[in-house]
A.B. asks: 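So that we are looking at the same thing, I have put the structure below in structure tokens.
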There are 2 protein chains.
Amino acid sequence: MNNKEIQEQRMKGYFMQATKELLKGEGLKSLNVRNIAQQAGYSFATLYNYFKDVKELVFLCVDDFQQECAAEITQKVNGVPGGPAKIKAITKAYMAYFVQYPSVFNLFFIEKLGDIGQKQPTANLIFTFLDRLTADDWDYCRKKYNLQENDITVAKAELNYITAGMLLFYMNRIQPASYSDFSEAIDIQINAIVDRIEISKA
Amino acid sequence: MNNKEIQEQRMKGYFMQATKELLKGEGLKSLNVRNIAQQAGYSFATLYNYFKDVKELVFLCVDDFQQECAAEITQKVNGVPGGPAKIKAITKAYMAYFVQYPSVFNLFFIEKLGDIGQKQPTANLIFTFLDRLTADDWDYCRKKYNLQENDITVAKAELNYITAGMLLFYMNRIQPASYSDFSEAIDIQINAIVDRIEISKA
DNA sequence: AAATATAATTAACATTGTTAAATATATAAT
DNA sequence: ATTATATATTTAACAATGTTAATTATATTT
């Protein structure tokens, strides 16, 4: 990287940092180009020298949020023995993260990706996130219980879709109506999927 | 209903009709108060004499769309024998409807409900939609296969969450990347859930 | 037919994303 | 070191949108 590139990356970083702070703080309500720029210490028009539009900037934060989320999960499930129990724990922690940061949920799942071709890699990153978080433990299960590759693929997809669906209903439609009901529903669904795998060995 | 109420209902109907036409036609891009009012044959300010805001108007359309969707499904699954096969067919037709009308998907699942208390009944309507569509056939299964009430409750919730999650990923993130892949994934997931119930009788 | 209430429209405002014009700052050339 | 040029930043301006206020038209009542 030459000087120009270094400086450009720095500027991008300032705007991304500002965006992340706003998203985790005030949330989507106060996320607009003027607030972002103010938080970054620049005028709003400067933003357009470094990003095509605000959507590009916002979606560039996905990667950072995933790393932060993964770190929180790792810390949270520390001590849980590998295998089915860990898959459950990771999945629950994954959901808890989005409940804690609704704006990140919005960014990951709701926000429309304007330029389709450009952001397909990001969409893929989001789609595969839970799979990557649980990959090691699924592998462990496959070996331990001598499971079919295909059964695992289906179970992984099931977990991915169910967590997205539950979060969608809870975050956007407040269904179930209380967090404790939601939490209970999570347990039921996750256990149903993961326990099924264990049973299938029999 | 007195005259005033009749006239008021009529006016609301005009605006709702306009909203539905725009949503099914041009989609969300061109859904704004000015377009709605023009389609209804009134000025945009008139809208505010009949609705608190545009969100109220838009969410009032949920009921009509559900009826339309239910009618399409009923017609589509006509001839499918009741029971597991019909649950599968209904669920697939339910998803196909949202793929056909992305704006309706947005209204049902994505659009933020502004006033929380006011629109909770609507949120509940959306949450229970698939359950209501398949209720008869689940009941049929319960009797035929002598199933546990609880197993059915979990399976229903599973279907509800998985369909929402799959639609979310496909509509908002284009994952899977092609409709045929998506369609295949639907089959796999729906079959996995419904077939499990049949097997559990053994 | 005039007075009053009701409904509808136009005008106006605030917020937002984006672009164009203007200004400041850094780099290069003499 | 000073001027000329390129680059970066900011201010001004625009278009789109949801909403409210002021104005005008229409209906109802006296």
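No hydrogens, no waters, no symmetry mates; every other heavy atom, side chains included, goes into these values. Note on naming: letters A, B, ... go to the chains in the order of the sequence lines (proteins, then strands), and numbering restarts at 1 for each one.
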A.B. asks: Would A:Phe182 and A:Leu167 satisfy side chain to side chain contact (heavy atoms under 4.5 Å, CB included), going step by step from the backbone distance to the final call?
C.D. replies: CA-CA 9 Å; A:Phe182 175 57; A:Leu167 284 168; 4.2 Å; yes
A.B. asks: Does any part of the side chain of B:Trp138, heavy atoms only, come nearer than 4.5 Å to the side chain of B:Asp131, both counted from C-beta?
C.D. replies: no
A.B. asks: Can you check the A:Tyr14 OH to D:dT9 C1' distance for me, whole Å?
C.D. replies: 15 Å
A.B. asks: Tell me the interatomic distance from B:Ile36, atom CD1, to C:dA8, atom P, rounded to whole angstroms.
C.D. replies: 17 Å
A.B. asks: Taking CD1 from B:Ile6 and P from C:dT6, how many angstroms apart are they, rounded to a whole number?
C.D. replies: 18 Å
A.B. asks: To the nearest Å, how far apart are B:Glu56 CD and D:dT19 P?
C.D. replies: 11 Å
A.B. asks: Please tabulate, one pair per line, all N/O donor-acceptor pairs under 3.5 Å involving side-chain atoms of residues 104-115 of chain A, not counting sequence neighbours.
C.D. replies:
{"residue": "A:Asn106", "atom": "OD1", "partner": "B:Lys112", "partner atom": "NZ", "Å": "2.8"}
{"residue": "A:Asn106", "atom": "ND2", "partner": "A:Pro102", "partner atom": "O", "Å": "3.2"}
{"residue": "A:Glu111", "atom": "OE2", "partner": "A:Lys55", "partner atom": "NZ", "Å": "3.4"}
{"residue": "A:Lys112", "atom": "NZ", "partner": "B:Asn106", "partner atom": "OD1", "Å": "2.8"}

A.B. asks: Over how many whole Å does the gap from B:Lys112 atom NZ to D:dG18 atom P extend?
C.D. replies: 16 Å
A.B. asks: How would you label the contact of B:Tyr50 with the nucleic acid (heavy atoms, under 4.0 Å): base, sugar-phosphate, or nothing?
C.D. replies: sugar-phosphate
A.B. asks: Check the side chains of A:Gln9 and A:Glu5 for a donor-acceptor pair under 3.5 angstrom, ignoring hydrogens and angles.
C.D. replies: no
A.B. asks: What is the distance, rounded to the nearest whole Å, between atom CG of B:Asn49 and atom C1' of D:dT26?
C.D. replies: 14 Å
A.B. asks: Could you identify the nucleotide paired to C:dT30, looking across every strand shown and requiring Watson-Crick or G-U wobble geometry with both distances under 3.5 Å?
C.D. replies: D:dA1
A.B. asks: Which atom pairs, one a donor and one an acceptor, fall under 3.5 Å between side chains of residues 61-68 of chain B and the rest of the protein, sequence neighbours left out?
C.D. replies:
{"residue": "B:Asp64", "atom": "OD2", "partner": "B:Lys20", "partner atom": "NZ", "Å": "2.5"}
{"residue": "B:Gln66", "atom": "OE1", "partner": "B:Arg132", "partner atom": "NH2", "Å": "3.1"}
{"residue": "B:Gln66", "atom": "NE2", "partner": "B:Leu125", "partner atom": "O", "Å": "3.1"}
{"residue": "B:Glu68", "atom": "OE1", "partner": "B:Lys24", "partner atom": "NZ", "Å": "2.6"}
{"residue": "B:Glu68", "atom": "OE2", "partner": "B:Lys24", "partner atom": "NZ", "Å": "3.2"}
{"residue": "B:Glu68", "atom": "OE2", "partner": "B:Tyr97", "partner atom": "OH", "Å": "2.5"}

A.B. asks: Taking pairing as Watson-Crick or G-U wobble with both contacts under 3.5 Å, can you name the mate of C:dC13, or confirm there isn't one?
C.D. replies: D:dG18
A.B. asks: Would you call B:Arg142 and B:Asp139 a side-chain contact if the rule is heavy atoms closer than 4.5 Å?
C.D. replies: yes
A.B. asks: Write down the distance between CZ (A:Arg10) and C1' (D:dA8), rounded to a whole number of angstrom.
C.D. replies: 16 Å
A.B. asks: Strictly under 4.0 angstrom, non-hydrogen atoms only: write out the protein contact profile of nucleotides 10-23 of chain C, one letter per nucleotide from the 5' end, B, S or -.
C.D. replies: BBB---SBBBB---
A.B. asks: Which word best sums up how the rings of B:Phe15 and B:Tyr42 line up, parallel for under 30°, tilted for 30 to 60°, or perpendicular for over 60°?
C.D. replies: tilted
A.B. asks: Nearest whole angstrom, please: distance from the C1' of D:dA25 to the OH of B:Tyr42.
C.D. replies: 14 Å
